[in-house]
Amino acid sequence: MIRGGGHAGALRFLLTKTVKFILVLATTLLGLIAVTFFIGRVVPIDPVLAIVGDRAPPHVYERARQELGLDRPLAEQFVIYVKKAVTGDFGNSVLTTNPVMTDIMNTFPATLELATLGTLIGVFVGVPLGVLAAVRRGSWIDQLVRLLGLVGYSVPIFWLGLMGLLLFYAKLGWVEGPGRLDVTYSYLYTPVTGVVLIDTLMQGQMDAFWNAVSHVALPACLLGYFSLAYISRMTRSFMLNELAQEYVIAARVKGLSEIRVIWRHALRNAAVPLVTVIALSYANLLEGSVLTETVFAWPGLGQYITNSLQNADMNAVLGGTLIIGTVFVLLNLLSDLLYHLLDPRTRR
Amino acid sequence: MKHMPKFLMSAAMVVTMATSFSAVQAATPPDTLVQAWTIDDIISLDPAEIFEFTASEIAGNTYERLINYDYKDVSKIYGEVAESWTVSPDGKTFTFKIRPNKKFASGNPLTAEDVAFSLQRAVLLDKSPAFILGQFGLTKDNVKDKIKASGNDVTVELDKAYAPTFVLYCMTSTVASVVDKKLVMQNEKDGDLGYGWLKTHYAGSGPFSIRDWKANEVVVLERNPHFEKKTPLARVIYRHIKETATQRLLLEKGDVDVARNLNPEELKALSTNTDIKVASGPKGGVWYLGLNQKNPNLAKPEVRQALKYLVDYSAIADTIMKNQAEVHQAFLPKGFLGAINENQYKLDVAKAKELLAKAGLKDGFTVTMDTRSTADTTGMAQAIQQTFAQAGVKLEIIPGDGKQTLTKYRARQHDIYIGRWGPDYQDPNTNADTFAANDDNSDGAKAKPLAWRNAWDPGPLTTQTRAAVLEKDAEKRAAMYKDLQQAVLDNGPFVIMLQEIEVMASRKNVDGIVIGPSFDTNSVAQAKKN
C-alpha cells in the first residue's frame with residue numbers, strides 16, 4: 001500500500017510517525033502545563049482557603065500553605081510539579097482528597113459514556129441528514145435540516161435539557177431522571193470499567209442495565225442532537241462541494257445508479273474532511289459538557305473540573321487539563337490515521 | 001405479526017420498553033430516605049477535621065458528642081455520651097461520667113478511654129476546628145496531661161476558670177465527637193492517629209453509620225444496629241444534585257424524598273402541589289455588610305450609621321431572600337444566649353441624608369462592594385445599590401467568585417464586602433470574638449477576625465469580650481453579650497441585615513426530620529416515611 005516500497009519503507013514511515021507523535025504530544029502537554037500552572041498561580045484566589053476554610057487559625061493556615069509548597073518560588077514549584085507529573089503523580093485533589101488520577105478515573109468514564117453515545121447519534125443521524133440536504137438542495141428536507149441545525153446550535157443546551165426532563169421524565173415518564181442509575185441498583189454491580197452500561201451488561205445485571213439505558217437516553221440524545229446539528233451542516237457543505245466535481249459527472253455518465261454515485265463515490269470523498277469534524281466534535285464532548293452534566297446530575301469530568309476551578313483546586317484542574325489535552329492530541333492522531341486510509345494522496 | 005412492517009415492530013418494542021421503565025420506576029424504597037442536596041463541599045469525614053455545612057450535618061447524624069443541647073431550646077444542655085458532669089470548686093476541672101454499656105457501630109464498647117482519646121486526638125491533629133478545644137489552653141504538648149480517663153470518668157483541666165456554659169457549648173461541637181479508639185488505631189499509619197483512614201471512613205456510635213461517600217456524587221448512611229434507639233429508617237441517602245431545577249423535578253416525581261436547595265421561585269411554585277410540604281427553621285448564619293475602615297468615608301461614624309439606615313431590610317427579606325432569611329440586626333443570631341432580637345434600623349432616607357450631611361458628605365460619595373456572583377448575593381447587592389442611591393451614595397458592584405472575593409476581603413482590600421457569617425459553635429463567644437474583638441489591628445496580624453478584616457479597632461469591646469467568657473453566672477453573661485451587641489449595632493462597621501432560614505421541601509409522607517439551630521443539628525434519627 002505504501003509508496004516507497006517494501007518493509008523498510010513502511011517501517012521508516014511508522015517510525016517517523018511515532019517519533020513525531022511523541023514529540024507533538026510532549027510539547028503540547030508541556031505547553032498546557034505551563035500555561036495552566038501559571039494561570040492557576042496568578043488568579044487572585046487563595047488555594048489554601050479551599051483546604052482549611054475561612055475560619056482556620058493562623059498556624060493551621062500557614063502549615064497548609066507550606067504543605068502545598070506555596071511558600072517556595074514560582075519557578076521551583078513548577079519544576080517540582082513537572083517532575084512529579086512525568087511519573088504520573090498529579091498530586092491530590094484538595095476537594096475530594098483523592099489522588100487526582102483516581103478522581104479522573106472515576107469521572108472520565110461517565111463523560112466517555114455520554115460523549116460516545118452522543119457522537120454515535122450525531123454521526124448516524126447527522127451524516128445521512130446532511131447528505132440528503134445536499135442532494136435535495138433547496139427542498140423541504142434541506143430547509144428542515146437547516147432549521148434543526150440552527151435550533152440545535154442556538155438554543156442553550158441546559159434549557160433544552162430541563163425542558164427534555166420536564167417533558168419526557170416528569171410528564172410522560174418515558175425515561176428515568178437525572179443521575180446514572182437509580183439508587184436501588186447502585187450497589188448491585190461492582191464497577192470495573194466505570195462505564196455503567198458495560199459493567200452492568202458484563203455482570204448480567206439486566207435490570208440495572210436497562211435502568212442505566214433509561215437514565216442515559218435523554219442526556220445522550222441531547223448531546224447527540226447538539227453534535228448532529230454541527231455534523232449535518234458540515235456534511236451538507238462537503239457534499240455540495242463533492243457533487244460539483246467532474247468525477248461525479250463522469251460517474252453519472254458511466255450510468256452508475258444515483259445511490260451508488262452519492263453514497264459510494266461522493267460521500268467517500270467528503271468523508272476525509274468530515275473525519276476531522278467528527279473527531280473535534282467528539283473531543284469537545286469528551287471535555288465534559290458542564291451544563292448537561294449539571295442539569296442531569298451526571299458525575300463527569302466537566303463538573304469535576306468546573307467545581308475544582310471554582311475552589312482553586314489547582315492540582316485537579318491541571319490534571320484534568322492534561323487529560324483533555326491528551327484526548328485532543330490522540331483524536332487528532334486518529335483522524336490523521338483515518339486520512340491515510342481514506343485518501344491515498346496523503347500517503348506520500 | 002408476520003406481516004407487520006419492520007419499523008412498526010421496532011416502534012412497538014420501543015414503546016414497551018419505555019412503559020416498562022416507568023413500571024420499574026416506583027417511588028424511593030419505604031425504608032430509605034433520599035435527599036437531593038449540594039454536597040460538593042465535603043472534604044473529609046473525620047470529625048476532627050469536619051468544618052463544612054454538609055459534612056457537619058452528616059457527622060451530627062452519625063457521631064455522638066459528650067454533651068448536647070435540646071434542638072428546640074438551646075439553653076437546655078444535657079449529657080449525650082456523658083451521664084453527668086461536675087465542675088471543681090476552682091472552676092478549672094470538669095469531670096464527665098460516661099454512660100455505661102454504650103457501644104460503637106463496630107460493636108466495640110464505648111468507654112471513658114475512647115472519649116479522652118477523641119478529644120486528645122482532635123487537639124493533636126490540629127485541623128481547622130481544633131481551636132474550639134484549644135481555647136481552653138489545650139495544646140499538643142499538654143493535652144495528654146490535661147485530658148485523662150480513669151474508670152468511668154473523663155477529666156478535662158482548663159487553664160482558666162471559664163464560664164461553664166462556654167465550655168459545655170464547645171463540647172457540643174462536631175470536633176468533640178467520640179470516635180472508636182480501637183478501630184481508628186487499627187488503621188493508623190506512620191503515627192497519623194488514623195487520620196488518613198478516617199477521612200473517608202467511619203468510626204462512630206451515632207444513630208446512623210456512614211456506609212459510603214463518593215465525592216460529588218453520594219453519601220449513604222445506614223442504620224447503626226448498636227444504637228439504643230433504633231432509627232425508623234434503614235438508610236438515608238444524600239444525592240449530589242447541583243441544579244436546583246433538577247432537584248425540584250426529582251422531588252415532584254418522587255425520585256427523591258427531600259430537596260434541600262430550592263430557591264424562592266421554586267418553593268413558590270411547589271406551594272400548589274399537595275404532595276409536597278415545606279418546613280423551615282432559623283439557622284445561625286447572618287448576612288452582613290463589612291465596611292472597611294481603611295476607606296476614609298466609611299471610617300466616619302455618621303457614615304456607618306447612615307448606611308445602616310439605607311438598607312430596606314424587610315423588602316429584601318420578603319422578596320429576594322424569602323424563605324431563606326429573616327430580618328435580624330444583632331451579631332448574635334436568634335437562639336443564642338443573650339441574642340438581641342429587636343431590630344432598631346429600617347430604611348430611613350431622610351435620617352441617612354442628615355447623618356451624611358453631618359459627616360460633610362451631603363452630596364454622597366462613591367464606594368465599591370465586592371459581591372459573590374450567586375443569585376441571592378447579587379440580588380441583595382442590587383437592592384442595596386438602589387436604596388443607597390436614594391441618599392446619593394453611588395455603589396459600584398464588583399462581581400467575583402466566592403473564593404476570590406474572600407481572598408480580597410481577608411487582605412483588607414475591599415471597600416464594602418457583602419457576605420455571610422456562620423457561628424463555629426453554639427456559644428455566644430464565637431460571634432463576639434469575631435464581630436466585637438480585635439487584639440491586633442496591624443496589617444501583619446496573625447488572627448483575622450471580621451473586625452480586623454474591616455480594619456476596625458473596637459477599643460474596650462475586646463476586653464469586654466474576653467471578660468464575658470469567664471463570667472460564671474449565665475444571666476450576667478447574657479447581659480454582657482447584650483451590651484456588646486448594642487455597641488456594635490450603634491457604632492460597629494457592620495450592617496447586619498438578616499438571619500438565615502433553612503428550608504426543606506419534602507414529600508408529604510416524610511415525617512420527623514428535625515431542622516436544628518445549627519448545621520450539625522439537622523437530624524434524621526427519628527425521620528420516617530408513612
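Residue numbers start from 1 in every chain, and the chains themselves are labelled A, B, ... in the order their sequence lines are given, proteins ahead of strands. Here the structure is a predicted model, which is why all the values come from computation and not from measurement. Because only heavy atoms are used, hydrogens play no part in the values below, and waters and symmetry mates are left out as well, while side chains stay in.
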Closest non-hydrogen atom pair, [X] against [Y]:
X	Y	answer
A:Val60	B:Ser128	CG1-N, 4.1 Å
A:Pro58	B:Lys446	CG-O, 3.0 Å
A:Tyr169	B:Leu250	OH-CD2, 3.4 Å
A:Gly177	B:Asp255	N-OD2, 4.5 Å
B:Leu125	A:Arg63	O-NH2, 4.0 Å
B:His240	A:Ala297	O-CB, 4.0 Å

Atom pair [atom1]/[atom2] of [X] and [Y] - distance to nearest 0.5 Å:
X	Y	atom1	atom2	result
B:Lys214	A:Asn106	NZ	CG	9.0 Å
A:Leu166	B:Lys253	CG	NZ	10.5 Å
B:Arg248	A:Leu165	CZ	CG	12.5 Å
A:Lys171	B:Glu252	NZ	CD	7.5 Å
A:Leu309	B:Asp401	CG	CG	8.0 Å

message: Atom CZ of residue position A:Phe124 - does it have more than 12 heavy atoms of other residues, nucleotides or ligands inside 6.0 Å?
response: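 For A:Phe124, atom CZ is not crowded (no more than 12 foreign heavy atoms under 6.0 Å).
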- request: Please indicate whether A:Met163 has more than 12 foreign heavy atoms, meaning atoms of other residues, nucleotides or ligands, lying under 6.0 Å from its CE.
  value: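 Yes, the 6.0 Å shell around CE holds more than 12 heavy atoms from other groups.
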message: Whether the side chain of B:Thr246 engages the backbone of A:Phe296 through a donor-acceptor N/O pair (distance < 3.5 Å, no angle test) should be reported.
response: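 Absent.
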message: Report which part of A:Arg180 has an atom under 4.5 Å of a heavy atom belonging to chain B: side chain, backbone, both, or neither.
response: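 Contact with chain B: none, neither part.
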field: Which atoms of A:Tyr61 approach chain B - backbone, side chain, both or neither, heavy atom under 4.5 Å
entry: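 Only the side chain of A:Tyr61 comes within 4.5 Å of chain B.
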task: Sort out for me which of B:Lys199, B:Arg410, B:Glu243 touches chain A most, counting heavy-atom pairs under 4.5 Å.
output: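 Most pairs with chain A among the choices: B:Arg410.
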message: I'd like to know which of B:Ile237, B:Asp424, B:Ile241 tops the heavy-atom pair count under 4.5 Å against chain A.
response: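 Highest number of pairs under 4.5 Å: B:Asp424.
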- prompt: What part of B:Asp41 gets closer than 4.5 Å to chain A, counting heavy atoms only: side chain, backbone, both or neither?
  reply: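 Neither; nothing under 4.5 Å.
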Does some side-chain heavy atom of [Y] sit less than 4.5 Å from a side-chain heavy atom of [X]?
X	Y	result
A:Gln303	B:Asp40	no
A:Asp182	B:Thr28	no
A:His59	B:Asp126	yes

